[in-house]
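Structure, as structure tokens:
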Amino acid sequence: MARYIFITGGVVSSLGKGLASAALGALLQARGYTVRLRKLDPYLNVDPGTMSPFEHGEVFVTDDGAETDLDLGHYERFTGVPARMTDSVSSGRVYSTVLEKERRGDYLGKTIQVVPHVTNEIKDFINIGDDEVDFMLCEIGGTVGDIEGLPFFEAIRQFSHDKPRGQCIFMHLTLLPYLAASGELKTKPTQHSVKELQSIGIAPDILVCRSEQPIPEKERNKIALFCNVRKEAVVAAYDLKSIYEAPLAYHRQGLDQAVLDAFGIAPAPKPDLRTWEDVSDRLYNTDGEVNVAIVGKYTQLEDAYKSIKEALTHGGMHNRVKVNVKWVDAEVFDNDDAAPYLEGYDAILVPGGFGERGTEGKIKAAQFARERGVPYLGICLGMQMAVIEAARNVAGITSAGSEEFDHEAGGKRFEPVVYHLKEWVQGNAKVQRKSTDDKGGTMRLGAYDAVLSEGSKVAGVYGTTAIDERHRHRYEVDMTYREKLEACGLQFSGLSPDGRLPEIVEWKDHPWFIGVQFHPELKSKPFDPHPLFKDFVRAAKDNSRLV
């Protein structure tokens with residue numbers, strides 16, 4: 001039966017709550033325990049896939065097709081445990097489930113209330129997989145005091161009493177502001193945050209205090225005294241150069257030991273931190289650097305491409321180079337020559353996205369990479385733009401475009417070499433979609449198999465011809481144009497097992513030009529970089545030394 005760690009946020013919870021959860025999971029793994037991390041999101045984003053990347057950041061997709069908060073990406077990157085649909089729940093999904101049960105008559109005509117019906121639904125969710133792991137880490141989104149979070153806080157309060165004594169602990173992340181004018185750390189926000197928690201029946205066992213400055217012994221004692229925790233359970237969380245320092249940094253501050261002490265686990269296995277020591281070594285002991293341009297449309301908010309940036313870092317660690325990511329707004333050269341904006345980069349990556357805005361710039365980026373021999377990785381929409389570029393400028397289909405853009409504009413303007421995907425196979429079932437379907441949750445989502453062509457560049461990169469990768473798209477390259485495009489040199493080097501859906505394209509006579517319909521960045525980890533990103537950065541490294 002799992003032990004539960006509930007992680008809540010104080011005044012400024014966004015400053016590292018997900019990272020602290022992920023790092024703690026990694027530290028418990030280093031001691032030989034099995035872990036699973038969950039996100040309880042009090043907000044009403046039933047389907048994060050319908051939210052703007054400018055508001056929400058990237059949407060992380062699991063193998064079983066859940067669209068989730070980007071924190072689950074942190075969980076996977078640090079623990080290597082694949083997230084599942086049951087590892088993320090929003091209040092919207094909870095309320096939706098409660099209403100569905102009421103409509104079915106499951107409550108037998110009772111008055112539906114937040115307590116017990118909503119809180120019971122949250123508790124049922126937390127209980128899933130109770131017997132699978134040693135520790136279940138549950139992060140509650142938002143901050144204490146948010147009105148949206150009250151049912152979740154009440155649920156975890158009840159949950160801790162439902163379980164045997166000592167099976168649940170509470171960890172609270174707070175901020176210690178530093179006032180430069182007086183040269184002091186202020187503990188009052190932490191005290192008030194803890195009192196807010198205590199007022200709803202939750203007493204933190206461990207405090208993780210974000211701070212720019214070292215926490216003096218006097219302030220540490222003061223926090224312990226007024227927040228009713230042991231001094232050893234006041235853990236400092238300092239700013240780091242890289243998120244991948246977090247496991248070692250939190251271990252030095254005693255976070256994992258504080259958790260074990262709170263559960264009364266003694267003696268505990270010693271941690272094996274060699275993996276994270278190697279990660280740190282590769283991160284800082286590099287043999288050079290490469291400059292990679294990410295040509296996208298959400299460049300004002302880097303979190304929109306969070307997993308891509310981290311996957312590039314992982315590829316750099318594998319190749320012992322520092323990857324300097326430069327964000328290039330595709331709209332800037334929609335109607336201009338791309339060369340002045342892209343010259344000097346060692347590689348170009350065009351990520352996914354939705355809508356027509358910025359796509360002409362992405363097409364020009366693919367053309368620049370093809371003509372100049374610059375390594376190019378196109379992901380999802382980035383692959384589709386590479387195919388459209390090839391159709392227009394090499395195959396002679398000058399009006400090539402995507403049905404997505406015509407649907408958005410409400411009129412036919414392009415010859416659709418990219419069409420709305422209406423049918424695909426998922427497991428043993430056939431899935432069908434119409435362009436008029438609801439937007440939320442109707443894409444091709446989750447992990448699907450692909451078969452790679454023998455002798456292709458991508459088969460060499462993977463070292464196999466059978467792969468599975470995570471998808472999130474509703475438009476697909478039309479196989480009708482395969483013969484014409486392959487005659488021009490654009491090889492369809494990866495297909496779905498039934499041969500109907502293109503998964504990967506590559507230029508045969510190019511040093512490194514690969515487009516993939518899936519999202520390889522979602523499976524990359526610092527200790528296990530994704531093969532495509534490893535080789536993409538290697539190609540960028542080779543290119544940098546040719547210039």
Side-chain angles (χ1 to χ4, degrees), residues 36-41 43-51 53 56-77 79-94 96-97 100 124-125 128-129 132 304 306-308 311 351-354 379-381 383-384 404 420-435 437-451 466-476 494-498 500-504 516-525 530:
R36 179 162 289 283
L37 286 87
R38 292 210 160 123
K39 178 70 177 283
L40 312 179
D41 194 341
Y43 302 104
L44 281 168
N45 45 315
V46 179
D47 175 12
T50 61
M51 298 184 69
H56 194 71
E58 83 167 359
V59 174
F60 190 81
V61 179
T62 62
D63 283 335
D64 54 4
E67 294 176 287
T68 72
D69 183 90
L70 58 80
D71 279 336
L72 267 73
H74 282 316
Y75 302 164
E76 276 205 29
R77 280 188 283 274
T79 66
V81 177
R84 301 190 297 221
M85 192 174 293
T86 52
D87 290 333
S88 178
V89 69
S90 67
S91 62
R93 195 165 298 282
V94 169
S96 177
T97 303
E100 287 171 7
D124 289 345
F125 166 80
I128 296 172
E132 297 177 359
K306 185 66 175 175
S307 290
I308 288 176
F354 296 89
I379 295 174
C380 197
L381 184 67
M383 167 183 159
Q384 295 171 10
E404 178 180 9
H420 184 271
L421 186 58
K422 299 174 180 65
E423 185 177 291
W424 67 90
V425 175
Q426 184 172 5
N428 297 320
K430 183 182 290 186
V431 181
Q432 294 183 319
R433 290 283 186 266
K434 301 188 296 292
S435 59
D437 285 347
D438 292 339
K439 296 297 183 188
T442 59
M443 289 184 278
R444 187 178 180 222
L445 290 165
Y448 290 86
D449 294 335
V451 179
I467 64 170
D468 71 276
E469 294 283 2
R470 297 178 189 175
H471 292 66
R472 182 176 180 257
H473 61 104
R474 60 170 56 91
Y475 291 87
E476 181 77 59
L495 302 174
S496 59
D498 61 6
R500 298 178 62 183
L501 302 177
E503 296 280 10
I504 305 173
V516 297
Q517 185 58 68
F518 46 81
H519 289 270
E521 71 274 16
L522 300 180
K523 296 177 75 170
S524 188
K525 303 165 188 68
H530 191 282

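Quantities reported herein were computed from a predicted structural model and do not represent experimental measurements.
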Is there a donor-acceptor pair closer than 3.5 Å between any side-chain N or O of [X] and the backbone N or O of [Y]?
X	Y	result
Lys523	Glu521	no
Arg84	Asp64	no
Ser307	Leu522	no
Ser496	Ala450	no

message: Are Arg77 and Ser524 packed together at the side-chain level, in the sense that at least one heavy-atom pair is separated by less than 4.5 angstrom?
response: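 When only atoms from C-beta onward are counted, Ser524 and Arg77 do not touch, as no gap falls below 4.5 Å.
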query: Passes side-chain contact (heavy atoms from CB on, under 4.5 Å), Met443 versus Glu67? Steps please.
result: CA-CA 10 Å; Met443 289 184 278; Glu67 294 176 287; 3.3 Å; yes
Residue pair [X] / [Y]: nearest heavy atoms and the distance that separates them:
X	Y	value
Pro351	Leu381	O-CB, 4.1 Å
Ala83	Leu72	CB-CD2, 3.7 Å
Leu421	Arg444	CD2-CD, 3.8 Å

task: Identify whether the distance between the nearest side-chain nitrogen and carboxylate oxygen of Glu58 and Arg472 falls below 4.0 Å.
output: no
Check against side-chain contact (heavy atoms from CB on, under 4.5 Å), Asp69 and Tyr43: CA-CA 11 Å; Asp69 183 90; Tyr43 302 104; over 6 Å; no
Contacts of type side chain to side chain donor-acceptor pair (under 3.5 Å), residue Arg470, not counting sequence neighbours: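 Partners of Arg470 under the side chain to side chain donor-acceptor pair (under 3.5 Å) test: Asp63, Glu76.
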query: Does NZ or CZ of Arg93 lie under 6.0 Å from the centre of the six-membered ring of Phe125, at an angle within 45° of the ring axis?
result: no
task: Under the side-chain contact (heavy atoms from CB on, under 4.5 Å) rule, what do Phe518 and Met383 come out as? Steps first, then yes or no, please.
output: CA-CA 9 Å; Phe518 46 81; Met383 167 183 159; over 6 Å; no
query: How far apart are the C-alpha atoms of Gln384 and Gln517, what are their side-chain angles, what is the distance that settles it, and do they pass the side-chain hydrogen bond (donor to acceptor under 3.5 Å, both in side chains) test?
result: CA-CA 8 Å; Gln384 295 171 10; Gln517 185 58 68; 3.3 Å; yes
task: For side-chain contact (heavy atoms from CB on, under 4.5 Å), just list the numbers for His420 and Arg474, CA-CA rounded to whole Å, side-chain angles, deciding distance to a tenth of an Å, and then say yes or no.
output: CA-CA 6 Å; His420 184 271; Arg474 60 170 56 91; 4.2 Å; yes
query: Excluding sequence neighbours, so at least two apart, what forms salt bridge (charged side-chain N to carboxylate O under 4.0 Å, His left out) with Arg36?
result: Asp87
